[in-house]
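Here is the structure we will look at.
Numbers restart at 1 for each chain; the letters A, B, ... are given by sequence-line order, proteins then strands.
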Amino acid sequence: MLDIKYLRSHLKDVEGKLKKRDATLDLSLVTELDTKRRELLQDGEALKEKRNTVSVEIGNLKKEGSDATELIVEMQGVSRRIKEIDLELAECEERLKDFLLTIPNVQHESVPQGADEDDNRIERIVGEPTELAFTAKEHGDIGEALGILDFERAAKLSGARFSLLRGAGARLERALINFMLDLHTGEHGYTELLTPYMVNRECYFGTGQLPKFEDDLYKLEGLDQYLVPTAEVPVTNVHSGEVLRESELPLYYTAHTPCFRKEAGSYGKDVKGLIRQHQFNKVELVKLVSPEKSYEELDLLTANAEEVLKRLGLPYRVVTLCTGDLGFSSAKTYDIEVWLPGQGKYREISSCSNFEDFQARRAQIRFKPEGGGKPRYVHTLNGSALAVGRTLVAVLENYQQEDGSVVVPEALRPYMGGLERIEF
RNA sequence: GGAGAGGUGGCCGAGAGGCUGAAGGCAACUGCCUGCUAAGCAGUUAUAGGGGAAACUCUAUCGAGGGUUCGAAUCCCUCCCUCUCCGCCA
């Protein structure tokens, strides 16, 4: 959510920037509602002041045994009027807030302008796309042939976009999760969290999934909770409503959770394989940092995610999302895309974003500055490090052998009981 | 699932319709004082939203939301959370 005070004085400027993300955007409602709100507030508060003073007078009169009927009757009218104004004010504030909640974050100045992913800016390419001496197969074919992936039975259990892993496949997924968590906690300074996988509505407003993107979420019938679509939601909200000490910052958290997404609007996309599932595992990095350092921290966080790919020996590139591809809450996002020989292209495996104070304002996450003064909003960041299912895909496709077996990357072998190769 | 208890400031804890943004204690900060890290005295220490150039001022906030009343931390209703006991359960 954007700061209403900032909006008041920079409306045109903000509107101009946001039009690069969404050309249809119109912020005039903000001014209208904000002006009305302040009028109502002033009227209401003047009446309340009167009521407070007169009520004291009434108390005094009664104490000395005098008659206060006249004042009481007058105040009955005042109270009625206050109630009316408060009602109107509440309605006005709700409309304003509802509207503010639907306005995306303002992008950082370094974000390239563009319409869609084709306009994303390539920052760096690390490693060469894997060269195979034979025709590369897609991970689904590799996995099914090895008996470690079973989409048919998964469909029997749950339907489309689910998977069943078996034997070395299931273990490989678990190995990846443990490898990633160990790396981030052991070498990158993150604290591991294990969070609820169902969290209440409020959390989703905090991180920006609600109110706009309800269609992507699984809501639990009859309950206030939704299944988490990413650990970003529970982890970022851990400190919601809190005022932290500046000395506690930066906070680095990592968490593995399953992620549940309806994938509404992606019909026909990635229908085969593990790339796009209703349920997948992800290891997430989340940071709460002081505002001055958030872009520095974004680079570090991205490097932490890249380190996973480096250790696994997987080629990848990093792109900066353009205005048209940028997520609702983000001010700047780097996507990490891993090379998939089976598809012959780079595919997103991580998304690392700086939300600046957009989520912190929604979730009310603040810190008390060391030198004193008013609490300030922290900056929040997060990134996948990595999407586990897609990493498994990348391992299968990049380490496939002509005989159909798959070599286990060295970094994972300790997590696979020393297994060096997955064979039928 | 059943029965009970409770949610007050950074923390502890009073308050039971009006003078309570909230006693008292602790903690922290500031000043004074005492020749030393101790004690004493005085003061300060919440958040948000308005108005004002500013000094300052107004409004709201005692788990959340509603109600009663001229006036609610205090009375009534609904909800949330925590704790204890019983039941059930990995």
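- B:A28: Watson-Crick or G-U partner is B:U44, with both key distances under 3.5 Å.
- Pairs engaging residues 2-16 of chain A under the salt bridge (charged side-chain N to carboxylate O under 4.0 Å, His left out) rule: A:Arg8-A:Asp34, A:Lys12-A:Glu15, A:Asp13-A:Lys17 [sequence neighbours left out].
- Nucleotides B:U37 and B:A46, compared at atom P, are 30 Å apart to the nearest Å.
- The salt bridge (charged side-chain N to carboxylate O under 4.0 Å, His left out) contacts involving residues 244-270 of chain A comprise A:Glu263-A:Arg276, A:Asp270-A:Arg276, A:Asp270-A:Arg347, where partners must be two or more places apart or lie in separate chains.
- With sequence neighbours excluded, no residue forms a side chain to side chain donor-acceptor pair (under 3.5 Å) with A:Asp215.
- Residues satisfying the side-chain contact (heavy atoms from CB on, under 4.5 Å) test with A:Pro104, not counting sequence neighbours, are A:Leu18, A:Arg21, A:Leu25, A:Phe328.
- Across the strands present, B:G1 finds its partner in B:C86; the criterion is a Watson-Crick or G-U wobble pair with both atom distances under 3.5 angstrom.
- As rounded to the nearest Å, B:C80 and B:G43 have P atoms that lie 46 Å from one another.
- Counting only residues at least two apart or in different chains, salt bridge (charged side-chain N to carboxylate O under 4.0 Å, His left out) contacts with residues 186-212 of chain A comprise A:Glu187-A:Arg311, A:Arg201-A:Glu214.
- Here A:Arg366 lies in heavy-atom contact (under 4.0 Å) with sugar-phosphate atoms only.
- Judged as a salt bridge (charged side-chain N to carboxylate O under 4.0 Å, His left out), not a single pair has a partner in residues 222-243 of chain A (not counting sequence neighbours).
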### Query
Nucleotide by nucleotide, 5' to 3', does protein get under 4.0 Å of the base (B), only the sugar-phosphate (S), or neither (-) in nucleotides 59-70 of chain B, counting heavy atoms?
BS-------S-B
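- In this entry the distance linking CD1 of A:Ile82 with P of B:G71 reads 8 Å, nearest Å.
- Between B:G50, B:U47, B:C19, one nucleotide has an atom nearer to the side chain of A:Lys63 than all others, and that is B:C19.
- Spacing between B:U82 and B:C77 at atom P, rounded to whole Å, works out to 23 Å.
- Look at the P atom in both B:G18 and B:C56: the space between them is 31 Å, to the nearest Å.
- Using a 4.0 Å cut-off between a side-chain N of Lys or Arg and a carboxylate O of Asp or Glu, A:Arg81 and A:Glu84 qualify as a salt bridge.
- Taking the P atoms as reference points, B:G10 lies 22 Å from B:C19, given to the whole Å.
- Between A:Arg38 and B:G49, a side-chain N or O to OP1/OP2 separation shorter than 4.0 Å is absent.
- For the pair A:Glu144 and A:Lys137, the salt-bridge criterion is not met [side-chain N within less than 4.0 Å of a carboxylate O].
- Within 4.0 Å (heavy atoms only), A:Arg8 reaches sugar-phosphate atoms of the nucleic acid but no base atom.
- Looking at heavy-atom distances under 4.0 Å, A:Arg245 makes no contact with the nucleic acid at all.
- Between B:G7 and B:U44, the two P atoms lie 29 Å apart (nearest whole Å).
- Shown for residues 198-209 of chain A: no residue has heavy atoms falling under 4.0 angstrom of RNA chain B.
- With sequence neighbours excluded, the residues forming a ring pair (Phe, Tyr, Trp, His ring centres under 6.0 Å) with A:Tyr6 are A:His10, listed by chain and number.
- Taking the P atom of each, B:G9 and B:C85 are spaced 26 Å apart, rounded to whole Å.
- Summarising the geometry, the separation between CD on A:Glu64 and C1' on B:G18 is reported as 14 Å, rounded to the nearest angstrom.
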